[in-house]
Every structure is written in structure tokens, then in C-alpha cells.
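Single-structure report; data block below.
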Amino acid sequence: MSNKFPEYKQFNLSQINKDIQKWWEEDDTFHKSMSTREGKPTFVFYEGPPSANGQPGIHHVMARTIKDTFCRYKTMQGFLVKRKAGWDTHGLPVELGVEKLLGITKEDIGKNITVAEYNAACRKEVMKYTDQWEELTRQMGYWVNMDDPYITYDNRYIETLWHLLSKLYKKGMLYKGYTIQPFSPAAGTGLSSHELNQPGCYRDVKDTTATVQFKVVRNEQSEQLFEGEEGDVHFVAWTTTPWTLPSNTALAVGPKVTYVKVRTFNPYTGTPSTVVLAKDLVKAYFKAEHAEVDFSEYEVGGKVLPYEVISEFKGADLAGISYEQLIPWVKPDGDAFRVITGDFVTTEDGTGIVHIAPTFGADDDRVAKQSGIAPLIMIDNEGKRQPMVDRTGKFFAIEDLDADFVASNVNVEAYKEYAGMYVKNAYDNNLTEKDPTLDVHISVMLKKENKAFKVEKHTHNYPHCWRTDKPILYYPLDSWFIRTTAVRDRMIELNKTINWKPGSTGTGRFGNWLENLVDWNLSRSRYWGTPLPIWRTEDGTEEKCIGSTEELVGEIAKAMEAGYMDNNPYEGFEVGVNTKDNYDKIDLHRPYVDDIVLVSSKGEKMFREPDLIDVWFDSGAMPYAQQHYPFENTDVMKDVFPADFIAEGVDQTRGWFFTLHAIATMIDDSVSFKTVISNGLVLDKKGNKMSKRLGNAVDPFETIDKYGSDPLRWYMTTNAQPWDNLKFDINGIDEVRRKFFGTLYNTYSFFALYANIDGFNYSEEEVAFEERPELDRWILSLLNSLIKEVGESYENYDATRAGRAISEFVGENLSNWFVRLSRKRYWGGEMNTDKLSAYQTLYTCLLNVAKLAAPIAPFYMDQLFNDLNAVTNKETKQSVHLATFPSYDEALINKDLEERMNIAQRVSSMVLGLRRKEKLKVRQPLSKIMVPVLNEQFQTQMEAVEEIIKAEINVKEVEYLTDSAGVIKKKIKPNFKTLGPKYGKLMKQIAGAVNGMSQEDIAAFEKAETFNITVGDENIALAMDDVEIMSEDIPGWLVANEGGVTVALDVTLTEELRNEGVAREFINRIQNIRKDSDFEVTDKVNILIAKTEEFDAALAEHADYISNQTLAASLEVVAKLDEASAHKIDIDGTEVLIAVNKQ
RNA sequence: AGUCCCGUAGCUCAGCUGGUUAGAGCGCUACACUGAUAAUGUAGAGGUCCCCAGUUCAAGUCUGGGCGGGACUACCA
């Protein structure tokens, strides 16, 4: 407790950051902000777990500022805001880090390092940067509970995941299937989309592409195509991967696309040929002028390819037509070689007919399944179903295939020449880029067989494996899926209830994504992650999905009984004891779970499916897993689910936001979060992505250390809407420091300086609002408007708007107008109502600003709050973050007052401008200004602020000029807003007529309050509100004009005015001398001034005034002053000697 | 390729449901002020509101189509 408001020598936000941080830690303010709200309504926030194996960057400050701001705001509103920190600990980035650290590759795992050792290394590695993360959290003032974070590798966390998976399994939403996935034959592993999106993975490559002819089978269905034909008819289709042609089992057409039959020649063999392709793409294969060429002029290999369009078909009409297998090496089992329809077929490239190889394309696989088309499958010598290409990237060698299968399905004679060949040269160590590729070999073969229509090189973008640098294949792999498509409609419905910021992300990016949802591929062939808790018999007929450790331990016991296991690896674990110690006795990770063999109901051995699950399931399940639900906390679940609010980067839209939503929908038929803010990226100041590699990344610690967190947070919040990318410019932080924090600090310092002198401590009665001067009521009105706007903005999750409004209030209104105009009220003199009101008003503004801004700038605002409160004890809380968010008083908001103060500001600004033009210093008083008044309301408004204007511009009088004198020149403008709807098209003419009105017309208009004009044939009666009439000029005077307000300045100087001006000059010089001499503001002085002709009269006349203003005990004009002990000053070019001495 | 965001002064951004003179800050230039002073104020210069078409009496604002930057998802003939 103190009786003085703290005054500071310097303003150092970095130091304040450290001091307040220390104080919060000692005081445990964060926990108090929750404990004091115990029992209050909860506001639920979920923390998206960062991965602690990466260092935090400046963009994390962005996302966390948003999170923190709204949690603090809700706390100040009285909610209990629990927020549990969490760590995302599984997944590929961790594995990669470990491999780099240990200098090993995937191939070493299981050979040179055991899975147990490998995973132990991951477990250690993943928490590598937790210190840094915790430090950043503290320094940036992000209040999140780090005492008991959820950690995704924790066995209890995994147990909840298993519970959820088994729940889904029981609902029939978990299934094993195969899908086409990116696969790197060179590395022998599937790749995640994350890996594919590593920089540089997509590269332009030049490949041999082929447009090939599929011969139509003539039958009843295809008869339409053969009308008028004697020879064969072909479908033509284009492919960038000719090596997939032997696996072709269907052709797809667009149902609404128009196709044409074209008679022409095969350009390689010269054989007459009839082909079918999309009408729009005829021009891509044939030159229009060649349509005129006579077929008899055709030469094989020549540049001219004559053609004739015969007839047209709709894609839908072609569906079902059969064609002969293009490359009959392997016979598929099942329906194949017919035309199907697909919505994805376009006429943008190719022929509008798409070659479908279900084993090598995701789209192909999907449409083939929908149409019941069989994929081209081989059986290997282990009896497994395989695509034509093996996992090393070559066509299966005949000896690697099942002999029975070869006998029944393979045309050995044709296939043997190609068997064993790699589909990309990059996979074959004996080949280089210059060697012909398999694509070329196949194309050559097709040319010879009259099956190729066009073969050419084509450059396209193709993904490469980031580890081997070799191209990837799309390859069918077995995976476990969650049937998210089954709840798609429900997810869409629930999504509509979520408040997305910005809304477009919810309806657009996320909404569209849901519309096109596919089943969630859960499988990952990795080591460090949550194991899939599914055990299967070898033949796959029996399965068990384990939902808890209790269940697993029970199953182990049964397996031991059956003799399949010798010992229980989880011995000592006590079921139902939820302590960390107990759960640390076991490990649910690989390889331990892999060693567990269970027994099926029929007594068969069951082995765990070796997959791990997608790490996104880990994070998406956090609402449940952070509570270890349902093994613990079943009672609190309803209080912490769903979340009221979450926020992350926009890149999480299809990541965390999706998995949260999907899991909550499937498990609880509920949303997982009610409001979500997705923020944009933080780019460098040139708009480039930040990266350590480019060296343009900004270190958050350095930045906070230099500037403090508050300006950083403020800058990030107010510079751009959160969903816009932020071009991060360090100068912007400095600007915020000066503009906002500097101004606020200066305002406080000003307040503290004088409040301490006057001993103000807010112990006096509150000055009644009506008794406060105009200026005070004005700023209080604005303050209440501000509280309203800021409250609404926070409520609407718009901190940008809130911050900008606060900044505007502090900079423009509070500091630049209220304080500037009020300064004299605080100087000297006794405490009276006016002075008290000035203090109370300023105090109220500062205190409320502290509260309003606290969610965004928590450090400085807490200091400001406490500095203000230390003396007054008006607040019972020790921290602004424990205080209650202010509410506004509608009764104090006075729009008319705000408007007239605006007039005062405009008039002042204009007069100051006139003074500058005439080189009349503000210090020189002038006699009057003249203001034309066109209506009473304006005069009333002016009169209310007259004193303020006079003081601000230093004139003695305001003269109101009414119309009657006829000295005012007026201007009239049409009011488009009222005229527009009434007269529409006549607007232009009306505007012309109005603008052309004379002074007499205007006068007549005003008198009659209506005016008739003729436009074309129409007579139009204008009403007063159809126009705006304002003053423009007062002929003969020095006039300024702005926004309809006109003001004239009388620049005549009388002797009296001049003398007063001189007196003011003296005051100014004396004040400067006082300051230069380092006198205290309260020191009394004696003044001696050397006699001069020019100024004696002024000095004599205003001696008291000067003494008063400068705290002079005496003021004497003397004949002579010693230059050494006096100051030489210059007033209007005349030198004067003056001595100012402390009394 | 699809979806979404962004495009307004040299830079960073406002501009609400369309209304006729498009704003602010920074920077630049000039001036002023000086008991808030390593502050502050005022003014000036600076605009093809990305382009084209449309709707309308009226378009920075609405519609369509492009272009450019970014993000995500996908990669398919």
C-alpha cells in the first residue's frame, strides 16, 4: 500500500515483462484466476498439443496469443476457464529426428537397433524442447496449466485411444481394406501425405505418354457405333504411365460429355481406323483443315492426317460397351473391359476417355469398385494377391508367381519378354535415365500392333520420395480404415452449428472437405506411435479389438492358459489403479504389444495387426484421452466436453479440427468445439514463408527479450485479421510500443505526476456526472462506447477490432485531446470540483483501459492496474486478471456530445491551419472567429464546446453569423441517398440542376422548404432532406472549410492582444529557463527582466499573469542585467535579458 | 486440378447493409509546439481501389470471368 502513484524514470516493457512474470509466479496468480472462479460456469478450452520435439517459433506466439486472449477475457467475465496443456509425442517427425540423431535409417531398425531401443530413443527425444516450450509459455504470458499436461505416449492416454477404437470397432466402423497409396519402391515403404508434401517432392518430369486404341467388341450394345462401318471401331485413351496399360480393366467416360466417332488412319501403320473420343478434344488430335483432305491423298508417316467426323454420342450411351483387352498378358478374375461412367472425367486433356487401372490409381480403384469392375490381380508364390508390379517396382517375374495362377491366367509367351522389368528406370541399378523406359518398350510394341494412336513425351508434375529421390508409385496396400463416410451427413449437419472464424473456412474449406469425405486411413507402418489394438488369427477369420488394459490382461491370462504365452509381460500392473506409477509398470507400445499372442474363441493363435494408428487420431481424441476417460473422470466429462473454444492455424483445418470433429461425431454424436478460430500464417516482412533454412525466421525469445511480450502480442493481434497471413515486421512492434504503450504510459505518467503533487487518492466523493465539465462527460461517453464495442468484439471473438478500438481511444481521444486540453486543469491551484473531476475522469479512463486491454497485453496492463489501484484501493483484486471485465453504462453514452466535440476538433484544426498560413503563433491571442450557423442545432452544439475551442485556438470570442446578414455564401449538394430511390434514372439531371442553383435559389428553397425543378417533362418538388446546404464562404474574411463547417478568423491585432501575446511569450521563455535549470515543478522563483522599449507595457500590464503561470514570487523589470547571470532570449526578433532564480 | 483467404498510397492495414471529395498509421517533406519532452501536434505530396465484363440512376463495395500472391487438399487420364 502506498500513498503515491509510482513514477518511473524510464519505460521498459521488456523489464516490465520480467517483473510481472516473476510476480505472477510468486503470487501464483494463474491458479488464483481459476480457484477464485471455482463453482462458476465453466468455459471450456482445448489446447491443441504442440510437438515438443520441434523448437517453438514466432508463429506459435500468434496462435497462443489468440488462445490466451479469449481465455483471459472469459476469466474476467467470471467464468472458470480450465485449460490443460498437452504434448503431441508420436509420429514421423519424432522418428526422423531420432534417425538423424543416431545416424541410422529405417533399414537398421530391427537389425542394428532393436525396436525397443529405437522407441526408447523416441520417447526421450520427443520431450527434448519441453524446456523451451515452457519458457516461451511463461515469457509470452500464455496461461495454460502445465502442472499436469496430457502426453500422448502415456499409457493412460493410449488406453483411452484403445477404448475409443474398440467402441468404433463394435459399431462396425473399423475395417481392413486395401487402397491405393503413395509407395516408394526404392525405400520399400508407404509414404504419408505429409511426406509427399515435403518441399521439392513434386518435380516436373518428362515421361513417355501414349494414346492407345481399344478395340470395341461388336454386339447388340455396341451396334450404334458400327452403323455404316465396315472395319473396327476403337476407343482412344491417353495415359502418362503406359506401364499401367497391361493392368487396364476398364475405360471411363463422362456421362454428360459428348463423344464423336471419327474416321481416319492410324498414323503409325497407315491402317484405316475409326476412333471414338470426346468432341471437344478432336482438335487436340486433328487439325481442322485436314478434315477437308481427301482420304486418297493420305501418306503413311506424312504430316497430313485426314479425318471425318461421322456421328455423336453421349457418354452415358457408351456405358456398358465391351472392348478387347489391350495387352492380354494376364486375365483378370471377374467383370472387366467395359466402359463405365465417372464424374471426374473431363475434357481438359487426353481424349475424354480415361484408362482405368484399379491397382495403380486411387480414382481408378474407386470407380472400378463402384461399377463392379475387377482389378488386375496376380497371385504370388506365397498365395498372396498382388498387383502386376511387386514391391521393388518391377513386373512380377514368372517364377515369383503361383504356378496354378500362371497356368490358368497368364499368357506366358507374351508376358515373359516383359516380366521382371522395372516400371521406372530409377528403380533398376543397371539402367540410366538415357535408357529406354518400360513405357517406351510398351509403346513400341503397341505401335507395331496397330494399337498406339499417338506416342509423345510429356512434362508433368510427379511426386518423388524425399528420402531416395526416386519417383513414387501409387500402389495398393492393406490398411485399416475408419468408416467416416458412414457419419458424413451427420458431420456436415453438426458442422453447421459450429461458429467458425472466419466463417468461410467452416463452410468452404472444411465444409467442402466433409462433402467429399473418404474413409479415414488409420494405418501407419511405423514404430513410434499408438499400436492398433487388433489381434487376428492368421487366416483372418477371427479378430479381437482390445478396449482397455484390463481386457488385454484378461486375454493374456487366457492365452497363457492355452499355452500360447509363457508369461504375462504386464505382471504387477494393478487393474483399476490409475496412478502414473502403476501405468509406468507397463508399456503399450511396440515391440511389447507385438510379442503378445492371444487365443481365439476357436483356440487359434491371434497376432496383433502390426500397424500403428495415424497420430491425428491421438490428437483428435484428446477431449477424452486427456481425462483418461472412461477409466477416470467420468463425472467431470460433461463439464469439459465439448469445448466452447479452440484455436489453431488454418493448416489444422483438415488435421486437428477434422479429427476432433470426426471422433466426437462418431463417439458422442456431438460437436467437439463450439467456436474455432483458424489463424493464418506468420510470414516474414516480405511475405515469404519463414524458415530456419532461409534464415528469415524470427526468434520469439529474442523478440520478447528486446520488446516484451505485450507489444508483440498487440502487434500480432491488431495488425491484421487473424485469418489473414501476417507479414511480420519487427518495426511494427516498435511502432506499437511507441504509439500505443508509449502513449498510454505517458498518459499515466502525467496523471501520476500531478496526482502525487495534489495528493489525489480517490478518497473524495465521486463528482456527479452532470457536474463534470463537457470535456469529461465527453471522454466518459467515449469510454463507455469503447467498453461496449470492445466487449462486443471479444464476445464475437474479434480481438483485432477490440485492440484497434482501444488503441484509437488511447491515442486520439484520451491523450491527444482530453489530456492535452485538460493539462492546465491539473496545474497549480487548489483542489476544486473541476480539478477533482479531471483526476477522477482520467483515473477512470486509465483503469478501464487497463481492464479492456488486459486480455491482449496482460503484463503492462497488470502493472498499470496495480499502480492505479495501489493508492486508491478502489479494486479488491490484486491483479487485473482477477478483476471483473467492465460493463458500460448506456446512460453515459451521449452521441450528441461526441458529435459536438467532433465539431470542436474540426473547428480547432481549421483555425490552427489558418493561423499557420498567416504565420500567427497560437501564443498570440486573437479577438474572434466567426462561424456561420445555418440551423439552431448547430449553434447549440457550438455553444456547448465554445470554451474548449477558444482555449485551444487562443481566441477571445466566437461570433455566430446568421443567415440574415446575407454575408454567407452557401453551397448546395444533392442527397443521393434519398433522391436515388425516388427518382432513379433522373438522378444525373437532378444532380445537375441542384448543383447549378444560385444563391437566390438556395435562399428561396430554404424559405419555402421546397423547390421545384423541371427535369425533362417532369416536375419535381425537392424537399429539404433531398439536399444538403452548407456554408462555403464568408466573402472578405480569411476562411477555412471542411466537411460542411466553415470558419472565419479575424486576424486584426490590437495593442491589447499584442501585449497579451508578448506576455505569453515571456511565460514560455521563463518556463523553458525553469526547465533548463532543472527546477522542480513546484519551485518558486524570482524573476528579473532587463528593460526594453517594446515590451515594458506588456510586462507591466500582465505582471500578475506571468507570475502566476511561472510560480514567480517576484517579477521586476530592471534597468540593466549582467549577461553572465542572465539568459538572453529572443522575442519577435528583439533580444531581452532575463534572470530566473530559485527563491 | 479443386477449395478457401488476400489484392485499396512507397510499406502495414481500415472502409458496416452500394450513395458521388476512398481513410488511418508508418515512411518522406515542411512547419509548429515545448512544465507529458529521448515526447507531441499540424499540414503537404503520394491512389487505374489488380484487370475485364455485367447488374444499377449510382460499384472499392454486388455478380460472372480472368490475373497475381498465399494456404490446404489432391495428383487423375
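Both backbone and side-chain heavy atoms feed into the values below; hydrogens, waters and symmetry mates do not. First the proteins, then the strands, lettered A, B, ... as listed; each starts at 1.
B:rC50 and B:rG60: their P atoms are spaced 10 Å apart (whole Å). Rounded to whole Å, the separation between the C1' atoms of B:rG25 and B:rC67 comes to 30 Å. Atom C1' of B:rU21 sits at a distance of 23 Å from the matching atom of B:rU17, rounded to the whole Å. With both ends at atom P, the span from B:rA74 to B:rG64 equals 28 Å, rounded to whole Å. To the nearest whole angstrom, the two P atoms, one in B:rG27 and one in B:rC6, are 28 Å apart. Atom name P, nucleotides B:rA53 and B:rG15: the rounded distance is 28 Å, in whole Å. Spacing between B:rU63 and B:rC72 at atom C1', rounded to whole Å, works out to 27 Å. B:rA14 and B:rC26 have their C1' atoms separated by 15 Å, with the value rounded to a whole Å.
Positionally, the nearest nucleotide of RNA chain B for A:Trp723 lies more toward the 5' end than for the other of A:Trp723 and A:Glu808. Along RNA chain B, the nucleotide nearest to A:Thr718 and the one nearest to A:Lys971 differ in position, and the one closer to the 5' end is contacted by A:Thr718.
When the side-chain nitrogen and oxygen atoms of A:Lys739 are compared with OP1 and OP2 of B:rG25, none of them lie within a distance under 4.0 Å. Side-chain nitrogen and oxygen atoms of A:Tyr983 include none within less than 4.0 Å of the OP1 or OP2 phosphate oxygen of B:rA58.
In this structure, B:rU3 forms a base pair with B:rA71, meeting either the Watson-Crick or the G-U wobble geometry with both donor-acceptor distances under 3.5 Å. Across all strands shown, B:rU37 forms no Watson-Crick or G-U wobble pair with both key distances under 3.5 Å. Applying the Watson-Crick and G-U wobble criteria (two distances, each under 3.5 Å), B:rU42 pairs with B:rA30. Base-pair partner of B:rC76: not found among the strands shown (Watson-Crick or G-U wobble, both distances under 3.5 Å). Pairing partner, B:rU21: none, since no Watson-Crick or wobble contact has both distances short of 3.5 Å.
In this structure, A:Asn816 reaches the sugar-phosphate backbone alone: every heavy-atom distance under 4.0 Å involves primed, P, OP1 or OP2 atoms, never a base. Among the atoms of the strands shown, base atoms are found under 4.0 Å from some heavy atom of A:Gln1071. Residue contacts shown for A:Gln989 are absent, as no nucleic acid heavy atom lies under 4.0 Å away. Nucleic acid contact for A:Arg804: sugar-phosphate only, since backbone atoms but no base atoms lie under 4.0 Å from a heavy atom of the residue. Across all strands, A:Asp364 comes closer than 4.0 Å to no nucleic acid atom at all (heavy-atom distances).
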- [ ] Give the C-alpha distance, both sets of side-chain angles, the deciding distance and a yes or no for side-chain hydrogen bond (donor to acceptor under 3.5 Å, both in side chains) between A:Asn495 and A:Trp500.
- [x] CA-CA 9 Å; A:Asn495 181 43; A:Trp500 281 85; 2.9 Å; yes
Open item on the list: Go through it in stages, so that I can follow the logic: the residues are A:Arg804 and A:Phe809, the test is side chain to side chain contact (heavy atoms under 4.5 Å, CB included), and I'd like the CA-CA distance, side-chain angles, deciding distance and then a yes or no.
Closed with: CA-CA 9 Å; A:Arg804 284 173 175 169; A:Phe809 175 81; over 6 Å; no
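Note that OG of A:Ser749 and CG of A:Leu744 are 9.5 Å apart. Values are rounded to the nearest 0.5 Å. Note: A:Leu979 CG to A:Met987 CE = 5.0 Å, rounded to the nearest 0.5 Å.
Of the residues in residues 742-749 of chain A, those lying under 4.0 Å from RNA chain B by heavy-atom distance are A:Asn746.
Whole-Å rounding puts the A:Trp500 CH2 to B:rC72 P distance at 15 Å. Rounded to whole angstrom, the span from the CD atom of A:Gln10 across to the P atom of B:rU37 amounts to 14 Å. When the P atom of B:rC4 is taken as reference, atom CG of A:Asp724 falls 16 Å away, rounded to whole Å. Atom CZ of A:Arg823 is separated from atom C1' of B:rG41 by 10 Å (rounded to the nearest Å). Straight-line distance from the CG atom of A:Asn248 to the P atom of B:rC76: 16 Å, rounded to whole Å. Between the CG atom of A:Leu473 and the C1' atom of B:rC76 there is a distance of 15 Å, rounded to whole Å. A straight line from CZ of A:Phe11 to P of B:rA39 spans 14 Å, rounded to a whole angstrom. Straight-line distance from the CG atom of A:Leu726 to the P atom of B:rC5: 19 Å, rounded to whole Å.
The neighbour count for A:Lys1084 NZ, taken as heavy atoms of other residues, nucleotides or ligands under 6.0 Å away, does not exceed 12.
Residue A:Lys977 has its side chain nearest to B:rG19 when only B:rA36, B:rG19, B:rG70 are considered. Nearest to the side-chain atoms of A:Met987 among the listed nucleotides B:rA14, B:rA36, B:rG19 stands B:rG19. With B:rU12, B:rC26, B:rA36 as the choices, the nucleotide that has an atom nearest any side-chain atom of A:Arg738 turns out to be B:rC26.
Separation of the A:Phe658 and A:Trp616 ring centroids does not fall under the 6.0 Å cut-off.
In this model, a donor atom of one side chain and an acceptor atom of the other lie less than 3.5 Å apart for A:Thr978 and A:Asp1026. Under 3.5 Å, the side chains of A:Asp614 and A:Trp520 contain a donor-acceptor pair of N or O atoms. Using modelled atom types, one finds no donor on one side chain facing an acceptor on the other under 3.5 Å when comparing A:Asp734 with A:Tyr715.
Applying the salt bridge (charged side-chain N to carboxylate O under 4.0 Å, His left out) test to A:Asp867 and every residue at least two apart in sequence or in another chain returns nothing.
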